[in-house]
Amino acid sequence: MPARLKRAIGGMLSAIGLAVAVMLIAAPAAQAAADDPADVSADDGLWWGAELDWGADGPDGYADRLGETPAMYSIRLSYPLDERARQDWMRAATSASAQGAVLVLSMEPRTILGDLTRDDAIAFNEMLERINRDYDTHQLVRFAPEMNGSWEEWGQQPREFVRAFETVADVVHDGASDAEMVWAPSYGAGYPFERADGRLEELTATDRRLLDTDGDGLLTEADDPYGPYFPDPDAVDRVGLTMFYFGKGEAGAAAGRDVPLQGNEAPEPGEVAERFAERWGYTVPQPASFYDRFAVDEDRPLLLDTGALYDFALTGDSELAVKQGWWRQVLAEAASHPRLNAITWLETVRTEAEAGAKEVDWRVTASSELAGALRTDLDAAGVRWGPITQVITPQEGSASTVQVRQGNDEMNWITGSAAVLAIAFLLSGVIGRLRPAWRYPDDSATRDLRIDMVRGFVIIVVVVTHIEVLSPYSLASLNVIGAITGAELFVLLSGIVLGMVFPAAVRRGGEWAAAVGAWARARKQYLVALAVILIVFILSFVPFIDATPVTTFTDRGTGADGEATTGRVYDLYPNADRLLDYPPPWYAVRQFLLLEMGPWPFNIMGLFVVLSLAYPAIMWLIKRRMWWLVLALSWGLYAVHVFVPGFAPLPSQFNAVFPLLAWQVLFTHGLVIGYYRRQIIAALTSRPGKILVGVFVVAYAGFLVYLWAGDRYGFTPTPFPADLYAMLYDSGYQRIDLNWGRLIDLPLVLVSSYAVLTVAWKPIDRIMGWLWIPLGQASLYVFIVHVFFVLAVANIPGLDRQSFWQGTLIHTAVIAIILLMVKRKFLFSVIPR
């Protein structure tokens with residue numbers, strides 16, 4: 001290919017790459033901000049929800065299929081709580097809270113009712129309060145539902161059921177969870193269901209007397225199917241009713257399991273209305289309906305648990321005719337029964353005894369035809385879509401990992417660090433004159449070991465910070481570089497290094513080859529990022545490994561929301577379990593491919609992937625001396641972030657912690673600095689440059705020290721207001737955002753450290769070069785592998801994280817092992833450096 005043509009194609013493709021990068025940045029966020037949720041106690045609409053098969057489905061999948069966010073999700077849990085139930089509950093709560101949905105808890109006793117204790121209720125309520133406190137999740141507790149049915153282990157035991165229900169209700173009502181207790185029997189036609197499981201033979205004499213409501217000495221359909229199980233009204237906040245359509249067509253057969261399902265039949269017109277009137281399926285007339293007795297007379301809202309099954313192995317009416325026929329009747333009754341304000345639909349495939357122990361399908365969103373028809377009918381019925389409560393998204397979970405809100409104590413450290421750096425900068429001039437032999441030997445080489453030295457120090461700070469144990473390393477790493485963290489220097493120095501090496505890459509193979517090589521590196525970074533996410537996910541299934549220290553994050557109360565969210569646990573692997581489905585649903589695959597999940601110490605990796613993709617296009621402009629355009633565009637994007645902070649171009653996990661529109665400003669400036677490094681050094685080391693840099697360093701540090709002195713000693717730092725120092729941290733230095741204070745502190749740190757390394761290179765190199773330089777030259781490699789050290793340390797049994805000597809040993813050992821891995825080039829061919 002002719003060189004001219006090759007250059008033209010390269011330029012065109014680079015321009016296209018730049019355009020794609022700009023389009024990517026300008027693209028709208030995948031998830032719009034939700035409206036402010038209303039008070040959950042407000043009676044202002046009909047809630048629709050789904051009882052999911054949580055092992056094979058999740059809220060994101062359901063909402064994706066339905067095309068709308070429901071108000072509720074329902075889950076069945078074991079009671080008393082065991083570890084499996086706690087984990088399932090927590091997973092459901094985090095998923096539901098991401099949509100601001102109410103959580104319906106069907107608590108199913110797994111031991112005899114007589115063995116349930118108040119301690120069981122207290123442990124349950126503690127979990128209720130935790131979920132409510134951490135996720136603002138409103139919860140409806142369906143304790144031992146369908147207790148009037150003979151098919152449940154806890155069924156038809158009125159005395160023990162009432163005692164157990166009231167015990168739980170007393171504890172819950174005395175607690176602070178704001179949860180609602182729901183009393184929820186099954187629709188009574190066919191009661192006492194002797195054809196089902198024959199539990200009547202096991203009744204105690206006391207229960208038999210309680211259930212014989214007509215006093216004829218027999219238990220028949222003439223007895224009340226609900227009253228004996230109703231507890232003290234004060235224990236009940238909401239009544240519920242289970243009303244399923246089993247498709248048997250004949251009213252008298254619907255409650256008996258010995259009648260086989262012979263075909264798919266759409267419900268008869270008016271069947272649901274007859275059920276609400278307590279007429280459908282009864283052989284003995286009922287004096288009043290469930291709705292009138294318990295919803296109207298007891299003044300309680302009603303939660304209906306419903307669904308319609310379909311057997312694809314049988315002939316008859318279509319699935320749409322059966323299921324739509326049922327939900328339309330249910331919605332019609334909701335319109336005429338105002339106390340019916342919540343409906344959950346069974347959204348699963350499962351084996352049903354009522355269908356001859358065959359697997360049947362209850363779902364209404366499995367096909368686009370059904371989901372579309374349901375959505376249309378729900379909209380027409382005026383259901384209230386979510387969110388109902390506060391929305392706590394996975395992005396907020398990622399953002400919570402920034403836990404450094406410390407106020408004036410932090411500002412004092414920032415001021416002290418600025419003063420120390422200013423003094424070090426001034427002393428560097430003296431050292432340069434007194435000890436010229438210590439000076440860095442060569443400023444013309446492609447590789448600048450001073451930058452590698454700083455990168456090595458920074459990556460150690462990152463490793464130490466993420467391995468959260470107490471040691472001299474951790475005490476130094478939290479405050480030694482002032483307002484900034486290791487992340488800012490990591491990104492900026494990465495840009496500087498890439499800007500430095502680009503001309504050499506162009507000389508070796510041309511601009512196009514350099515661009516292709518850069519994109520290949522970005523691809524490798526992306527694949528390694530996916531691999532790390534998957535490996536950590538796989539490790540979570542190993543019995544003796546607890547991966548939650550990196551797959552979840554517990555709020556320390558020092559994040560953006562302060563102490564209000566202390567203890568909240570965020571799941572950083574949303575819908576990861578769905579990746580195990582076959583085939584995995586697209587929404588879970590999309591979240592994986594877009595890096596919306598992953599261990600929290602690793603979240604900045606996605607930022608590097610995106611910036612690396614844009615790197616060749618940016619360098620194409622810089623090489624043509626359009627650095628001014630690059631910086632102008634960069635600051636323009638930063639301005640978008642400042643004025644529209646909620647705008648997120650990508651849903652990736654990193655964007656919540658390291659917003660792309662803000663953090664790209666560090667990378668682009670790094671590229672410009674690296675490419676023009678020699679010119680910049682020459683300008684800054686000229687007499688005017690030294691004066692300007694000196695004025696900046698001294699004036700900035702002096703400004704902070706002056707304000708600090710006014711605050712410390714009680715005088716007004718004229719011409720500034722007296723309270724300016726107290727306002728500085730929140731306005732410009734918080735480590736939960738890349739504000740002006742951190743941007744100013746960054747050149748102070750960089751200029752001062754670079755000046756000191758330049759004039760005192762040889763002694764610093766002898767003391768720390770053996771460690772910092774190799775780690776700095778492989779900083780990306782160190783960052784990638786350190787995730788597994790964070791996980792390993794978290795699994796050390798008996799580790800006391802507040803023990804100074806244990807923490808010192810841990811940090812020393814981890815740094816030593818990583819250094820050995822770098823020296824031996826362990827997996828260098830696989831892991832980018």
Closest contact, heavy atoms only, Ala321 versus Pro267: O-CD, 4.2 Å
Check: Asn132 and Glu129 side chains under 4.5 Å, non-hydrogen atoms: no
Glu146-Trp151 side chain donor-acceptor pair, cut-off 3.5 Å: yes
Nearest-0.5 Å distance that lies between atom CG in Leu211 and atom OH in Tyr191: 4.0 Å
Aromatic contact, Phe230 with Tyr226 (centres under 6.0 Å): no
Exercise: do Arg142 and Thr242 side chains pair donor with acceptor under 3.5 Å: yes
Exercise: identify the closest heavy-atom pair between Ala85 and Leu77: O-CD2, 3.8 Å
Option passing side chain to side chain donor-acceptor pair (under 3.5 Å) with Glu180 (candidates Gln139, His173, His138): His138
Any Asp212 side-chain heavy atom under 4.5 Å of Leu218 side chain: no
Donor-acceptor side-chain pairing of Asp379 and Thr376 below 3.5 angstrom: no
Arg238 side chain near Leu302 side chain, heavy-atom distance below 4.5 Å: no
Which residues share a side chain to side chain donor-acceptor pair (under 3.5 Å) with Thr348, sequence neighbours left out: none
Pair Trp48-Glu68, side-chain donor/acceptor within less than 3.5 Å: no
Steps toward side-chain hydrogen bond (donor to acceptor under 3.5 Å, both in side chains) verdict (Thr306, Trp326): CA-CA 9 Å; Thr306 191; Trp326 184 255; 2.8 Å; yes
Euclidean distance, Ser367 OG relative to Asp361 CG, rounded to 0.5 Å: 9.0 Å
Flag side-chain contact, heavy atom, 4.5 Å: Asp207 against Gln156: no
Euclidean distance, Leu370 CG relative to Leu374 CG, rounded to 0.5 Å: 8.0 Å
Aromatic ring pairing Phe541/Phe537, orientation class (parallel under 30°, perpendicular over 60°, tilted between): perpendicular
Salt bridge Arg350-Asp53, side-chain N to carboxylate O under 4.0 Å: no
Qualifying residue, where the test is side chain to side chain contact (heavy atoms under 4.5 Å, CB included) with Ser289 and the options are Arg275, His337, Arg279, Glu278: Glu278
Test item: Asp223 side-chain N/O and Thr213 main-chain N/O as donor-acceptor pair under 3.5 Å: yes
Expected output: side-chain Arg76 to main-chain Leu105 donor-acceptor under 3.5 Å: no
side-chain contact (heavy atoms from CB on, under 4.5 Å) assessment of Glu274 paired with Glu268: CA-CA 10 Å; Glu274 288 291 291; Glu268 293 290 333; over 6 Å; no
Interatomic spacing from CG in Leu331 to CD in Gln324 - rounded to 0.5 Å: 10.0 Å
Electrostatic pair Arg339-Asp299, nearest N-O below 4.0 angstrom: yes
Validation row: Trp47, Asn341 side chains within 4.5 angstrom (heavy atoms): no
Side chains of Asn264 and Glu319, donor plus acceptor under 3.5 Å: no
Electrostatic pair Arg84:Asp82 at N-O distance under 4.0 angstrom: no
Trace of the ring pair (Phe, Tyr, Trp, His ring centres under 6.0 Å) decision for Tyr245 with Trp362: CA-CA 10 Å; Tyr245 178 65; Trp362 293 90; 8.9 Å; no
Glu369, CD: over 12 other non-hydrogen atoms inside 6.0 angstrom: no
Pair Glu221, Thr283: side-chain N/O donor-acceptor within cut-off below 3.5 Å: yes
Sidechain N-carboxylate O distance under 4.0 Å for Asp57, Arg65: yes
Atom of Tyr229, atom of Val162 and distance for their closest heavy-atom approach: O-CG2, 3.8 Å
For Tyr62 against Leu52, the heavy-atom pair lying closest together: CD1-CD2, 3.9 Å
Side-chain heavy-atom pair Val141, Met181 within 4.5 angstrom cut-off: yes
Check: Glu347/Thr365 side-chain N/O donor and acceptor closer than 3.5 Å: yes
Residues Asp317, Lys323: salt bridge by 4.0 Å N-O rule: no
Trace of the side-chain contact (heavy atoms from CB on, under 4.5 Å) decision for Asn575 with Tyr587: CA-CA 8 Å; Asn575 298 307; Tyr587 68 88; 3.5 Å; yes
Worked check of ring pair (Phe, Tyr, Trp, His ring centres under 6.0 Å) between Phe294 and Trp183: CA-CA 10 Å; Phe294 300 104; Trp183 174 70; 4.9 Å; yes
Side chain to side chain, Lys358 and Thr351, heavy atoms closer than 4.5 Å: no
Rounded distance [0.5 Å steps], CD in Glu152 versus CE in Met147: 9.5 Å
Aromatic ring pairing Tyr282/Tyr187, orientation class (parallel under 30°, perpendicular over 60°, tilted between): perpendicular
Derivation and outcome, side-chain contact (heavy atoms from CB on, under 4.5 Å), residues Ile75 and Trp89: CA-CA 8 Å; Ile75 184 172; Trp89 188 353; 5.7 Å; no
Test side-chain contact (heavy atoms from CB on, under 4.5 Å) applied to Asp305 and Phe244, step by step: CA-CA 8 Å; Asp305 186 31; Phe244 289 132; 3.7 Å; yes
Atom of Val168, atom of Ala121 and distance for their closest heavy-atom approach: CA-CB, 4.0 Å
Salt bridge (Lys or Arg N to Asp or Glu O under 4.0 Å) contacts touching residues 90-107 (sequence neighbours left out): Asp88-Arg91, Arg91-Asp577
Parallel, tilted or perpendicular, as decided by the 30° and 60° cut-offs, for the rings of Tyr310 and Phe312: perpendicular
Rounded distance (nearest 0.5 Å) linking atom CD1 of Ile131 with atom OG of Ser97: 8.5 Å
Asp546 and Thr548 side chains, donor-acceptor separation under 3.5 Å: yes
Close side-chain approach of Asp237 to Arg300, heavy-atom, < 4.5 Å: no
Side-chain donor-acceptor contact under 3.5 Å, Gln99 with Tyr73: yes
Shortest non-hydrogen separation from Pro70 to Gly49 and the atoms involved: CB-CA, 4.3 Å
Between Ser95 and Trp54: side-chain donor-acceptor atoms closer than 3.5 Å: no
